[in-house]
Amino acid sequence: MSTYKNFLDKKGESRWQKVWEKTKAFAAADKSAKPKYYCLIEFPYPSGEGLHVGHPRSNTALDILARKRRMEGYNVLYPIGFDAFGLPSENYAIKTGIHPAITTEKNIKTFTTQLKALGFSFDWDRVITTTDPKYYKWTQWIFLKMYEHGLAYKAKIPINWCLSCKIGLANEEVVSGKCERCGGEVEKREKEQWMLKITNYADRLIEDLETVDYLDRIKQQQINWIGRSEGAEIDFVVVTSNKRQVTSLKVFTTRPDTLFGATFMVISPEHELLRNPAFANASAGRQKSEIRNQEEVEDYIRQAKSKSDLERTELNKEKTGVELKGLKAVNPATQKEIPIFVADYVLTSYGTGAIMAVPAHDQRDWDFAQKYGLPVVEVIAGGNIKEKAYEEIAEGKLVNSGQFNDLPVKAAIAEITLWLVKQGLGKKAVNYKLRDWVFSRQRYWGEPIPMVYCENCKKTGAVKDPLTGEASGWVRVPEKNLPVKLPDVKKYEPTDNGESPLSVITDWVNTKCPVCGGSARRETDTMPNWAGSNWYFLRYVDPKNDKALAAEKKLAHFIPVDWYNGGMEHTTLHLLYSRFVYKFLYDIGAVPKSCGSEPYKKRTSHGLILGEGGEKMSKSKGNVVNPDEVVKKFGADTFRVYEMFMGPFDQAIPWDTKGVVGVRRFLDRVYMVVSKIADDLKKSEIGNQRSEKSRLIHRTIKKVSEDIETQNYNTAVSALMIQFNGIDSRPDWRPRLEEMKGEYQVDLAALENFLKLLAPFAPHLVEELWEKLGNKKSIFKAAWPKADENLAKAEEFELIIQINGKFRDKVKVRSDITEQQAEIVARQSEKIKKYLDGQTVKNIVFVPGKLINFVI
RNA sequence: GGGCGAGUGGUGAAAUGGUAUACACGCUGGACUUAAAAUCCAGUGGCUGAAUAAGCCAUGUGGGUUCGAUUCCCUCCUCGCCCACCA
């Protein structure tokens, strides 16, 4: 007899993979009378380590969905590609001198082989790679469009600079404030960088979450990340010691009600006031600064700069700062002069980089005031400000606040804001934690930013910045000249001054200005690795188009994505960025309006697969499970089913090689029993019974169908096991294996339905058995079974009899039993008689189909 | 400090107001075998008990709502993830 092991040994799985590939079994049609369904998983980064066991968890889940949808009659698009720009290939190139394109190509081959060996039903004709110039042509095109619409601009932004490697580091390369490669010190250096104005879309990115079906925690995380808060922007006049007004400071506050309690101000070390040559900066040509302790201040700024992010947060208990002597701010409410400090507990990246400090009602300001002996003025009654700041907002009334005394906090916020607006001292304002997106990298292995700098055009004013309308030297590379291809370089390290390695390729950098024809220089920064993944799901619908990022008709057919599954770690970056970019493309009409303003209808997340000990898998811990070995040892189907069975899909879960065995045993049994039935059918040795007597199968159909939709894959597999093994090892639709020696009967309808339900989980095995049963067409051309609700409901059930809510007995009764009948039946039970003897029944609770409860 | 989530057998876990521990691993015993592996069969939360009699106790802790709570509400404890001097 042929066993499952024989099937695997004879390369049965790869035989089916070849059949699917040859017949293009899973190709999506560009046009179809069928309704479309777009399943999407995050395309992998083709790392040198090969596929991780985490990838198949997401891939299998949506593969199951894709296969089910096809059987339900949808035109399914389930594509795959590679997000191939990235640091590991580049670092490998720095180490070995091997071009990242070569490494990438090799890795993609490995990934492709591995993915195919798992039998995912991807449409392999639509594979895309972000490093392909035909692809990144359109990534560059999107950048040009953003620039054209005033969404891209250059700004001075600090980058992480490793002092010993002399290169700029990506945030992910800075580990606990040190350089990841050499362990050396990292400091901040300012550099001009391309920025994208994602903040323009902040409100829409929050509001439109109401129109999509994302897991709640995903929505919540995005909302928190965007961090919208409402408050007021207030101007504080800054004066010198001889009362001359030199400038003013803008602050953002969510608590304008505490304005009368503002007893000092704090600005961040990066604040522009400190660079203002008009009065603050002694080194910029002026002999005398208005700040009398200029040197002390500059020392402090230098120190703050050299502090790593870690130090800045680690030391957050002890606040430091320096007063700007010679300058004072005027509290617009009290007209009192208050001191100004520079301190690094104020962040330059939030609000205006300056705060009005209200020590009585903000703990951080309170701490600072204690340390520097600053006055603490209570303006909201109810706390004990000698002990700590009183931050409560719900109760408490204003004091020491002039005309606003006795107002409750909430009313005071509105009243004081109104007063500020009337006086011309401030306005209502909204602030976001979300920052504009730094889109430049001084790296080789990324999409070149398609811009050219022309000094001449800036002088003549021939080119204007679309955002500011001012004359600019930045000229867009014309669309017809795209893509701007990455040139070959000899060295892949960033240069000593932090520029990209592209900057030393002079014959590439020096070019002609597309506007005036004069000499100009190319932008040498490249895009971050998010750039290609922003819009890749659009390219899948039309991967070979060279006229547009995708044809309108095809976009209209497939977009939006119906179900997108990916890692929780991408919730705030990739997911938010790609929603932003999609909205932009939608706004400019690159995506038809009929697609809607959100790219993903539904977003779910899978949990991490951990090592056997429950720790994150990593090479250094030596607990990495290699998927190839699992496939080799147990087969792809076992691997797939195990990953679905191991636990709740959205939870992190440790790998357990022992657990794989259980799944393998189950599939072994399925193979053995069904192929025996198939053989005996051919020999006509069994009674073919299509009575559909089995009620269990209808319950299983219902359960498995629902569980796939709700991602309870673990209980779906368990339902399949129960269906096959039967309750008490006596399935009602087939004999046990030892009873199959002679003549026996099988409910073939139940068997076929069982195979259809198992097919998305274990496609190779089921195709084989389906063929053995005499079917000529793939099981994935068959229709997904429907549960008969009446049959799914049992004719009889076990009525639970409770006394005071405690289980005491059960008895088999008809499903349509009434309360009166149930009571009679229950009272006949010997056990129940014992409990009810001599007791008064106060109440009877009857739940149809479930139980009867006597309250005594 | 903020946000989100979790705590159930030896283990992964199931049950979302109604028999707590489905399914699977592991373990124990049995069948088959010269033997082992594999496979098959049976058992398997704890306690009392000879018992497959009967009963009690058990879903992190303490309380509440309910005829009935793993499930809903409150207190506390522990763990995980994300964010974090966000004005």
Side-chain angles (χ1 to χ4, degrees), chain A residues 3 5 215-221 223-225 227-229 231 251-255 258 262 266 268 309 312-319 343-347 349-358 361-365 367-368 391 431-435 568-569 571-572 607-608 610 614 642 645-648 650-663 665-666 668-669 672 712 714-722 725 727 729 736-738 798-810 831 834 841-847 849-856:
Chain A
T3 63
K5 192 168 179 310
L215 292 181
D216 276 343
R217 63 200 167 114
I218 296 177
K219 284 189 185 179
Q220 203 52 51
Q221 253 190 53
I223 291 168
N224 292 347
W225 186 264
R228 186 192 148 100
S229 53
V251 301
F252 171 76
T253 179
T254 54
R255 297 291 304 274
T258 62
V266 186
S268 72
D309 288 346
R312 263 176 96 144
T313 49
E314 236 184 17
L315 297 172
N316 75 30
K317 277 163 212 141
E318 189 64 15
K319 292 186 170 46
D344 64 4
Y345 84 89
V346 169
L347 308 174
S349 57
Y350 184 77
T352 62
I355 62 159
M356 61 175 210
V358 185
H361 306 289
D362 182 292
Q363 192 58 43
R364 292 157 302 174
D365 298 344
D367 293 341
F368 194 81
E391 294 179 331
N431 229 299
Y432 304 93
K433 287 188 202 171
L434 182 70
R435 305 284 83 212
M568 208 56 206
E569 70 277 17
T571 302
T572 44
L608 229 58
L610 308 168
Y642 171 65
F645 182 59
M646 64 197 297
D650 58 352
Q651 260 174 49
I653 197 157
W655 182 270
D656 178 17
T657 303
K658 281 194 210 131
V660 184
V661 173
V663 170
R665 288 209 268 253
F666 166 60
D668 270 338
R669 273 195 298 271
M672 185 117 71
N712 294 116
N714 53 337
T715 51
V717 173
S718 135
L720 287 165
M721 287 171 168
I722 292 170
N725 297 337
I727 294 165
S729 303
R736 297 158 86 169
L737 195 56
E738 70 267 21
E798 293 204 314
L799 179 75
I800 306 304
I801 308 168
Q802 295 180 336
I803 306 289
N804 287 345
K806 262 198 158 139
F807 167 76
R808 290 303 174 192
D809 201 8
K810 60 185 176 186
K831 288 181 192 170
K834 208 173 75 192
V841 175
K842 280 196 235 155
N843 191 15
I844 293 175
V845 181
F846 176 70
V847 184
K850 281 259 160 68
L851 59 83
I852 184 162
N853 182 18
F854 293 91
V855 185
I856 56 175

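By convention in this document, chain letters (A, B, ...) are assigned in the order of the sequence lines, proteins followed by strands, and residues within each chain are numbered from 1. Computed from a predicted model, the values in this text were never measured in an experiment.
As rounded to whole Å, 12 Å separates atom C1' of B:A20 from atom CZ of A:Phe807. We find that CE of A:Met721 is positioned 14 Å from C1' of B:A14, with the value rounded to whole Å. Distance A:Glu569 CD to B:G80 P: 19 Å, rounded to the nearest Å.
You'll find that the side chain of A:Arg217 is closest to B:C4, out of B:C4, B:C83, B:C23. Residue A:Val855 has its side chain nearest to B:C67 when only B:G26, B:U19, B:C67 are considered. Set against B:A87, B:C86, B:A14, the side chain of A:Ile355 has B:A87 as its closest nucleotide. Of the candidates B:A54, B:A87, B:C4, the closest approach to any side-chain atom of A:Lys834 belongs to B:A54.
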Polar pairs (N or O, both sides) under 3.5 Å between protein and nucleotides 16-18 of chain B?
from  : atom 1 : to       : atom 2 : distance (Å)
B:G18 : N2     : A:Gln802 : OE1    : 2.9
B:G18 : N2     : A:Asn853 : ND2    : 3.4

Please tabulate, one pair per line, each protein N/O and nucleotide N/O from nucleotides 11-13 of chain B that are separated by under 3.5 Å, including the distance.
from  : atom 1 : to       : atom 2 : distance (Å)
B:G12 : O2'    : A:Met646 : O      : 2.5

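Side-chain atoms of A:Lys319 and base atoms of B:C85 include a donor and an acceptor less than 3.5 Å apart.
Panel note: side chain A:Asn853, backbone A:Asn804; a donor-acceptor pair is recorded below 3.5 Å.
Along RNA chain B, the nucleotide closest to A:Asn712 and the one closest to A:Arg808 are compared, and the more 5′ of them pairs with A:Asn712. Along RNA chain B, the nucleotide nearest to A:Asn224 and the one nearest to A:Gly662 differ in position, and the one closer to the 5' end is contacted by A:Asn224.
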Report the secondary structure of RNA chain B in dot-bracket form, marking unpaired bases with a dot and bases paired to a different strand with |, and treating Watson-Crick or G-U pairs with both distances under 3.5 Å as paired. (((((((..(((.....[....)))((((((.......))))))((((.....))))..(.(((..]....))).))))))))....
